[in-house]
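Just so it is clear, the values below take in all heavy atoms, side chains as well, and ignore hydrogens, waters and symmetry mates. Labels below follow one simple rule: chain letters A, B, ... track the order of the sequence lines, proteins then strands, and each chain is numbered from 1. Note that this is a predicted model, so its numbers are computed, not measured.
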Amino acid sequence: MNITTWNVNSLKVRLPQVLEWLDRENPDILCLQETKVPDDQFPVVPFQEKGYQPIFSGQPTYNGVAILSKQPANQVENAFPSWEDVHRRFLSAVIGGVRIVNIYVPNGQDLDSPKFPYKLEWLSQLQTYMKQFNAERDPVLLLGDFNIVSGDLDTWDPEGMKDQIFLSEPERSRLQSFFDLGYRDLFRMKHPDLREFSWWDYRMGSFHRNHGLRIDLILASKPLAARCEWVQIGREARKNERPSDHAPVTACFTE
DNA sequence: ATGACCTTGTATCAAGGA
């Protein structure tokens with residue numbers, strides 16, 4: 001089984017690239033973030049024609065998440081049960097016996113921004129949601145755009161970003177809480193020493209200079225981590241004409 | 001350099017992103 005997470009930064013603009021990418025890569029599940037598509041405008045038919053069943057939770061202009069899968073999605077949730085979010089950033093479903101939790105974590109902007117406490121609250125709500133699963137036994141994947149840099153290997157500029165947004169202690173301790181529950185960061189598990197990124201700023205020739213961050217993560221519970229064969233960041237997609245600023249990240253599991 | 005680039009919605013610019 002292959003599963004990919006990809007922040008596409010507008011599904012309307014990126015739809016041809018996503019369809020072409022599906023033809024080439026043929027994953028079983030594709031989790032999207034920043035679709036920026038209201039539900040009544042989601043491009044259901046093009047994905048169905050490729051053999052994928054879409055579920056989605058969108059809004060105009062900002063945010064929006066979707067899951068495309070060859071197998072049907074069950075037990076779909078598009079919001080935290082106990083907390084009303086103002087944004088569409090969360091989509092959870094059981095597909096092929098695996099609980100898939102697709103997230104688009106708030107950016108936070110700056111440590112002194114009013115958006116920063118919202119980011120921390122959002123992560124705390126996610127932590128509460130994830131506690132219902134047993135990471136030691138249940139097959140669960142928590143994946144998406146985390147907007148958090150896990151460690152110094154995950155940024156091109158660890159010194160410049162030290163204690164700043166994405167690397168601050170409250171953000172990293174909330175990411176750590178998922179590791180404490182038993183989840184593994186599959187890319188880091190497979191590549192303990194690799195400095196590879198999944199996002200590059202559109203500005204300043206960042207991609208060309210490889211000034212990037214690894215913020216798109218696939219976290220797996222114990223039984224799934226044990227079945228993980230490989231993890232790959234598809235940086236080729238960042239070379240497309242009109243690319244997303246994020247690259248797709250794919251994990252492959254044995255059956 | 002409080003910038004740079006890209007997307008959206010509205011409007012001919014501002015907000016948001018990371």
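A/Asn147 comes within 4.0 angstrom of sugar-phosphate atoms only, judged by non-hydrogen atoms across all strands, and of no base. In this structure, A/Asn7 reaches the sugar-phosphate backbone alone: every heavy-atom distance under 4.0 Å involves primed, P, OP1 or OP2 atoms, never a base. In this structure, A/His87 reaches neither bases nor backbone, as no heavy-atom distance under 4.0 Å exists between it and the strands shown. Nucleic acid contact class of A/Gln109 (heavy atoms, under 4.0 Å, all strands): base. No contact: A/Ile165 has no heavy atom under 4.0 Å from any strand.
Comparing B/dT7, B/dT8, B/dG16 by their closest approach to the side chain of A/Lys115 singles out B/dG16. The side chain of A/Arg203 has B/dC5 as its nearest neighbour among B/dG16, B/dT7, B/dC5. When the nucleotides B/dT8, B/dC5, B/dG16 are ranked by their closest atom to the side chain of A/Ser10, B/dT8 comes out on top. With distances taken from any side-chain atom of A/Tyr62 to the nucleotides B/dG17, B/dT7, B/dG16, the minimum falls on B/dG16. In the set B/dG17, B/dG16, B/dG9, B/dG17 carries the atom at the smallest distance from any side-chain atom of A/Tyr104.
Nearest-nucleotide assignment on DNA chain B puts the 5′-proximal partner with A/Met204, out of A/Thr35 and A/Met204. Where A/Asp245 and A/Arg14 each meet DNA chain B at their nearest nucleotide, the meeting point lying more 5' is that of A/Arg14.
Contact check on A/Glu236 versus A/Lys239 returns a salt bridge, with a Lys/Arg side-chain nitrogen under 4.0 Å from an Asp/Glu carboxylate oxygen.
For A/Tyr183 and A/Phe178, the ring centers are positioned 6.0 Å apart or more.
Between A/Val65 and the choices A/Asn78, A/Asn7, A/Leu91, the side chain to side chain contact (heavy atoms under 4.5 Å, CB included) rule is met once, by A/Leu91.
A donor-acceptor contact shorter than 3.5 Å links the side chain of A/Ser221 to the backbone of A/Asp138.
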